[in-house]
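Report on the following structure.
Since we're looking at a predicted model, the values are computed, not measured. Lettering follows sequence order; numbering is per chain, from 1.
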Amino acid sequence: MLPLKLIREQPEAVARALATRGGGGDILKELLEADRQRRELLRTAEELKARRNRTSEAIGAAKRRGEDASAEMREMRAVGDRIRELDAALQRVDGDIEGLLLALPNLPHESVPAGATADDNEEIRRWGVPRALGFEPKSHWEIGEALGVLDFERASKIAKSRFVVLWGPAARLERALIDFMLDLHTRENGYTELAVPHLVNAATMRGTAQLPKFEEQLFKTVEADDNRALYLIPTAEVPLTALHGNEVLLEADLPRRYVAYTPCYRREAGTYGQDTRGMIRQHQFDKVELVTVTTPATSYEALESMVRNAEEVLKRLELPYRVVLLCTSDMGFAAAKTYDIEVWLPSQGKYREISSCSNCEAFQARRADIRYRPAGGGKAELCHTLNGSGLAVGRTLIAILENYQEADGSVVIPTALRPYLGGLDRITAVRP
RNA sequence: GGAGGGGUGGCCGAGUCCGGUUGAAGGCACCCGCCUUGAAAGCGGGCAUCCCCGGAAGGGGAUCGGGGGUUCGAAUCCCUCCCCCUCCGCCA
């Protein structure tokens with residue numbers, strides 16, 4: 001959410017910034033008009049309330065003196081009715097403004113390249129060299145199905161498409177990846193591990209900006225009273241960021257750096273044609289998520305270190321990747337600046353997203369009310385919130401299957417992971 | 001699921017029966033000053049948030065879990081919803 005004051009005071013600048021993300025102009029116009037209306041109503045209502053307060057006090061004083069105040073009381077009854085009308089009108093306008101504000105995306109940081117499509121993203125750096133396989137690389141689903149460790153057929157039987165069952169060594173590999181990532185981030189990168197609810201309420205989803213705009217992407221529980229419905233989290237970013245909602249933290253306690261493993265649930269509405277085979281795009285996938293809550297002065301340093309923390313996972317797994325700075329139109333709704341990390345997938349001959357690290361600045365903090373008290377005391381200020389995958393576990397598993405595939409169809413386990421698999425160094429065929 | 005208790009400022013905690021100078025006592029924490037070689041203690045003072053008007057000084061409004069109602073006036077009365085705690089039952 002953007003501050004209304006900023007929109008009121010610098011409408012052209014906001015419009016320009018939003019235009020680079022593709023739109024928002026008409027919403028801005030509506031907002032400015034609604035804001036004008038609101039302030040007019042507010043002034044009138046507050047003048048009447050001031051009068052009522054003064055008179056009521058006088059009535060109280062008169063009554064204590066035993067004097068008659070029925071004329072004033074009659075008058076104030078009429079004033080009260082008028083106030084009620086104005087307040088009702090005000091409430092409608094406030095609701096409109098809230099709805100409009102919730103529909104506006106964050107403003108991009110000045111260092112973000114303006115662009116219309118993903119082609120305008122900027123490659124920042126590459127690490128590692130794709131291994132020369134010496135044979136035609138197979139896709140992860142070909143590898144996995146041949147080994148009997150990825151079972152898409154049975155998954156769609158018991159659920160539907162875009163689910164998978166992992167067998168034996170693949171299931172174990174996934175668990176190993178989770179452990180490996182959590183250990184790295186907690187022991188070496190300074191994050192605190194949390195286990196969080198996978199179902200959250202609507203207010204929480206609003207705080208991180210999944211709602212109201214992206215409801216169709218969420219799985220939701222059915223309740224007799226819809227207001228009490230819960231949503232399956234699409235990422236641990238949601239509970240981790242909302243954790244400090246309606247709190248005032250102390251600057252001395254910042255930054256807060258959290259890591260959590262959770263499954264993520266997404267409807268993937270509108271992606272019917274994309275990545276239909278394999279487990280690139282699933283309704284349920286595992287992810288180890290990093291979240292930082294910090295001060296505005298330190299949030300961009302924090303973004304850089306978060307990307308490095310996520311990259312470290314790929315380095316240790318010896319998977320080639322590149323880091324990409326997303327352009328204005330490719331960023332998520334809440335982000336002011338985003339780096340994607342893309343891992344090499346031999347079967348596709350290209351890099352594919354495996355992590356996304358964003359600084360949301362105060363956008364989520366304003367919605368969720370996450371503030372901090374500055375070290376010297378004084379007014380509480382909004383925090384900046386950041387999130388990043390460290391990493392998407394399912395896609396990491398894919399990357400291992402594809403990058404470590406052998407001519408005989410087996411898959412070598414990356415050295416760093418072997419201690420987490422009881423020394424296992426290779427996946428060979430199982431009988432599902 | 002049943003029975004009871006409770007939600008007040010950064011925290012603790014009065015006030016709610018009997019509505020009016022209570023934005024709210026007191027304490028803690030915090031900030032400034034005095035005292036002190038320094039610190040502590042002690043003493044004095046300050047200290048909620050948001051919104052609107054205003055260049056500022058300042059003025060006004062709202063907020064005692066949320067929403068609604070009664071009233072000239074509500075932290076206090078009424079309705080409703082939410083959350084937390086204790087006990088019983090059930091249960092991984």
Side-chain angles (χ1 to χ4, degrees), chain A residues 1-10 31-101 195 197-207 221 223-231 239 242-254 256 293 295 362 365-383:
Chain A
M1 195 159 66
L2 302 177
L4 185 57
K5 213 174 264 182
L6 176 75
I7 293 169
R8 177 156 71 225
E9 286 165 6
Q10 304 178 47
L31 262 175
L32 288 168
E33 172 55 21
D35 178 50
R36 199 193 53 73
Q37 268 183 41
R38 171 176 175 272
R39 281 183 298 157
E40 193 179 307
L41 285 166
L42 194 63
R43 214 190 58 231
T44 316
E46 288 190 350
E47 276 165 10
L48 287 176
K49 284 178 185 174
R51 192 171 143 212
R52 182 178 65 183
N53 287 346
R54 259 182 278 116
T55 312
S56 291
E57 203 173 312
I59 291 170
K63 284 199 154 186
R64 267 189 306 276
R65 276 184 262 113
E67 298 169 8
D68 173 65
S70 52
E72 286 84 353
M73 283 165 64
R74 207 173 316 113
E75 194 192 343
M76 283 308 105
R77 185 192 298 260
V79 169
D81 290 344
R82 180 68 187 132
I83 288 173
R84 223 185 303 276
E85 287 167 25
L86 289 166
D87 275 347
L90 205 48
Q91 217 166 40
R92 279 193 300 276
V93 177
D94 276 341
D96 293 348
I97 290 175
E98 174 85 359
L100 292 166
L101 280 176
H198 301 175
L199 287 157
V200 300
N201 58 39
T204 297
M205 285 293 186
R206 233 179 340 265
T221 66
E223 307 292 330
D225 175 2
D226 187 56
N227 292 316
R228 308 185 63 171
L230 295 173
Y231 296 83
L243 193 68
H244 292 299
N246 298 312
E247 287 185 23
V248 179
L249 301 163
L250 298 177
E251 182 171 2
D253 295 334
L254 298 175
R256 299 279 189 146
V293 178
T295 60
R366 188 172 295 109
R367 288 178 169 230
D369 188 23
I370 308 167
R371 292 177 295 161
Y372 72 98
R373 179 103 32 213
K379 267 196 190 319
E381 306 281 352
L382 290 170
C383 294

- Can you name the nearest heavy-atom pair linking A:Tyr372 to A:Leu382, along with the distance? CE2-O, 3.5 Å
- Set of side-chain contact (heavy atoms from CB on, under 4.5 Å) partners for A:Asp226, sequence neighbours left out: A:Lys220, A:Ala229
- Query: When you check the side-chain N and O atoms of A:Asn201 and A:Thr204, is any donor under 3.5 Å from an acceptor?
  - Reply: yes
- Note on the structure: Writing each nucleotide of RNA chain B 5' to 3' as (, ), [, ], | or . by Watson-Crick or G-U pairing under 3.5 Å yields ((((((((.[[[..)....(.....]]].(((((.......))))).((((((....)))))).[[[[[..)....]]]]])))))))....
- Message: Counting the atoms with a prime plus P, OP1 and OP2 as sugar-phosphate, which does A:Arg54 contact under 4.0 Å by heavy atoms, base, sugar-phosphate, or nothing?
- Response: nothing
- Using a 4.5 Å cut-off on heavy atoms from C-beta on, say whether the side chain of A:Arg52 contacts that of A:Arg82. no
- Would you check if the side chain of A:Arg366 reaches a backbone N or O of A:Met1 as a donor-acceptor pair within less than 3.5 Å? yes
- Please identify each residue that fulfils side-chain hydrogen bond (donor to acceptor under 3.5 Å, both in side chains) with A:Asp68, with sequence neighbours left out. A:Ser70
- Where along residues 31-44 of chain A does a heavy atom fall under 4.0 Å from RNA chain B? A:Arg38, A:Arg39, A:Leu42
- Starting from C1' on B:G60, measure out to CG on A:Leu48 and report it in whole angstrom. 12 Å
- Item | Contact check, side chains of A:Leu249 and A:Arg256, non-hydrogen atoms, under 4.5 Å | yes
- Note on the structure: Under a 4.0 Å heavy-atom criterion, the protein footprint on nucleotides 72-81 of chain B, written with B, S and -, is BS--------
Enumerate the protein-to-nucleotides 63-68 of chain B contacts in which both atoms are nitrogen or oxygen and the separation is below 3.5 Å.
from: B:G68; atom 1: OP1; to: A:Gln91; atom 2: NE2; distance (Å): 3.1

- Taking every non-hydrogen atom, the tightest pair across A:Arg38 and A:Leu90: O-CD1, 3.5 Å
